[in-house]
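Small disclaimer: the values here were computed from a predicted structure and weren't measured. Residue numbering restarts at 1 for every chain, and letters A, B, ... go by the order of the sequence lines.
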Amino acid sequence: MPPKKRKADGEVAVAGAARPPSTSLLAALSEAAARPLSWRKVSADGLDVDYCRLLDGALADRTLAALEEDVDYFTGDLAQVFVFGKWHDIPRQQCSFGDAGLSYKFSGRTVPARPWPQSLLALRAAVERAAGTDFNFVLVNRYRSGADHMGEHQDAEKELDPAAPIASLSLGQARDFVFKHRDARRPRPHKRDIPPVKILLEHGSLLLMNHPTNQVWYHSLPARRSCPGVRVNLTFRRMLRA
DNA sequence: ATCCTGACAGTATC
DNA sequence: GGATACTGTCAGGA
């Protein structure tokens with residue numbers, strides 16, 4: 001389908017009858033998810049992702065404000081990672097929410113899923129509608145500045161449903177997201193020259209990572225000194241029950 | 001100045 | 001049970 005001009009997003013929302021400022025965030029998110037979305041597909045060998053602007057600027061602002069209010073991030077052990085013989089503070093803030101009984105493994109430890117806060121339930125419903133998939137878990141990453149980042153990795157844990165996409169909602173500072181083919185990062189004899197795929201993840205955007213992307217490509221969020229603002233990212237997943 | 005790459009251990013998993 | 005994966009930081013080069 002033809003891509004929409006970005007400007008239309010905000011103006012369509014304003015064109016109808018004036019909405020009272022008391023419109024709940026839940027209702028506004030529900031309405032946003034019911035609108036037709038303009039998806040941009042990005043494909044490469046083994047890579048299949050879809051990108052769209054799910055929330056217009058004003059709604060993305062409100063959503064980010066609600067999350068900044070509602071979400072507390074891990075501290076202590078859960079905010080550290082053991083890499084190459086040393087403990088480090090992870091270069092970002094992190095926490096997770098999910099249905100009762102779910103947990104996930106990160107850096108060798110099992111992290112419990114907290115119960116969903118209200119604002120996150122509304123957001124989950126909107127993302128589920130846009131993605132056409134039900135999710136039972138979300139990992140929230142908060143990048144405090146352009147120095148915060150995440151290294152190359154795959155989301156291919158055994159407990160993830162391989163058939164379900166992972167839906168990544170971005171709020172706040174736009175940042176580059178980089179996919180790298182697994183064969184492009186092998187040691188030299190067998191290294192293949194496959195160019196990385198970069199996508200700018202904008203305020204209010206939704207990225208779907210479809211099968212088999214996460215089995216074939218690594219992804220990362222590199223540091224960007226010229227992007228100093230706060231970014232909050234939510235990756236909705238479907239976990240298999242143990 | 002900024003970004004990208006490779007080297008760096010030890011534990012866990014298959 | 002030998003091979004592979006996983007994580008972040010730092011130094012060096014483009």
Quickly work out the [X] [atom1] to [N] [atom2] distance and round it to whole Å.
| X | N | atom1 | atom2 | value |
| --- | --- | --- | --- | --- |
| A:Lys86 | C:dC10 | NZ | P | 8 Å |
| A:Phe177 | B:dC3 | CZ | C1' | 18 Å |
| A:Phe84 | C:dA11 | CZ | P | 16 Å |
| A:Leu139 | C:dT7 | CG | P | 11 Å |
| A:Glu152 | B:dG6 | CD | C1' | 11 Å |
| A:Asp176 | B:dT2 | CG | C1' | 13 Å |
| A:Gln80 | C:dT7 | CD | C1' | 13 Å |
| A:Arg185 | C:dG8 | CZ | P | 12 Å |

Geometric class of the A:Phe236/A:Trp116 ring pair [parallel <30°, tilted 30-60°, perpendicular >60°]: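 Rings of A:Trp116 and A:Phe236: parallel, under 30°.
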
Report the nucleotide, chosen from [options], that has the shortest atom-to-atom distance to any side-chain atom of [X].
| X | options | value |
| --- | --- | --- |
| A:Phe82 | C:dG8, B:dG10, B:dC4 | B:dG10 |
| A:Val83 | B:dC3, B:dC4, C:dG8 | C:dG8 |
| A:His149 | C:dT7, C:dT9, B:dC4 | C:dT9 |

Backbone of A:His149 reached by a side-chain donor or acceptor of A:Arg92 within 3.5 Å: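 Yes, the answer is positive, given that a donor and an acceptor are paired below the 3.5 Å cut-off.
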
Under 3.5 Å: donor-acceptor pair, side chain of A:Asn141, backbone of A:Asn233: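 The answer is no, because no donor-acceptor pair under 3.5 Å joins these two groups.
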
Side chain to side chain donor-acceptor pair (under 3.5 Å) evaluation trace for A:Asn136 with A:Asp99: CA-CA 6 Å; A:Asn136 58 11; A:Asp99 294 352; 4.9 Å; no

Between [X] and [N], is there a side-chain N or O to OP1/OP2 distance below 4.0 Å?
| X | N | result |
| --- | --- | --- |
| A:Lys180 | B:dT5 | yes |
| A:His153 | C:dA5 | no |
| A:Lys198 | B:dC4 | yes |
| A:Arg182 | C:dT4 | no |
| A:Tyr218 | C:dC6 | yes |
| A:Gln154 | C:dC6 | yes |

Same-atom distance (P) from C:dG12 to B:dA9, integer angstrom: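 Between the two P atoms, the distance is 16 Å.
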
Non-neighbouring partners of A:Phe137 that pass ring-ring contact (aromatic ring centres under 6.0 Å, His included), sequence neighbours left out: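 Result, ring-ring contact (aromatic ring centres under 6.0 Å, His included) vs A:Phe137: A:Tyr104.
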
Neighbour count >12 (heavy atoms, 6.0 Å) for atom CZ, A:Arg225: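 Counting neighbours around CZ of A:Arg225, 12 or fewer heavy atoms of other residues, nucleotides or ligands fall under 6.0 Å, so no.
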
Residues, nucleotides or ligands: over 12 heavy atoms within 6.0 Å of A:Glu68 CD: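 Yes, the 6.0 Å shell around CD holds more than 12 heavy atoms from other groups.
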
Watson-Crick or G-U pairs under 3.5 Å in DNA chain C, rendered as dot-bracket with [ ] for crossing pairs and | for another strand: .|||||.|||||||

Point-to-point distance, once rounded to the nearest 0.5 Å, from CZ of A:Arg62 to OG of A:Ser119: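 Taking CZ in A:Arg62 and OG in A:Ser119, the distance rounds to 12.0 Å.
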
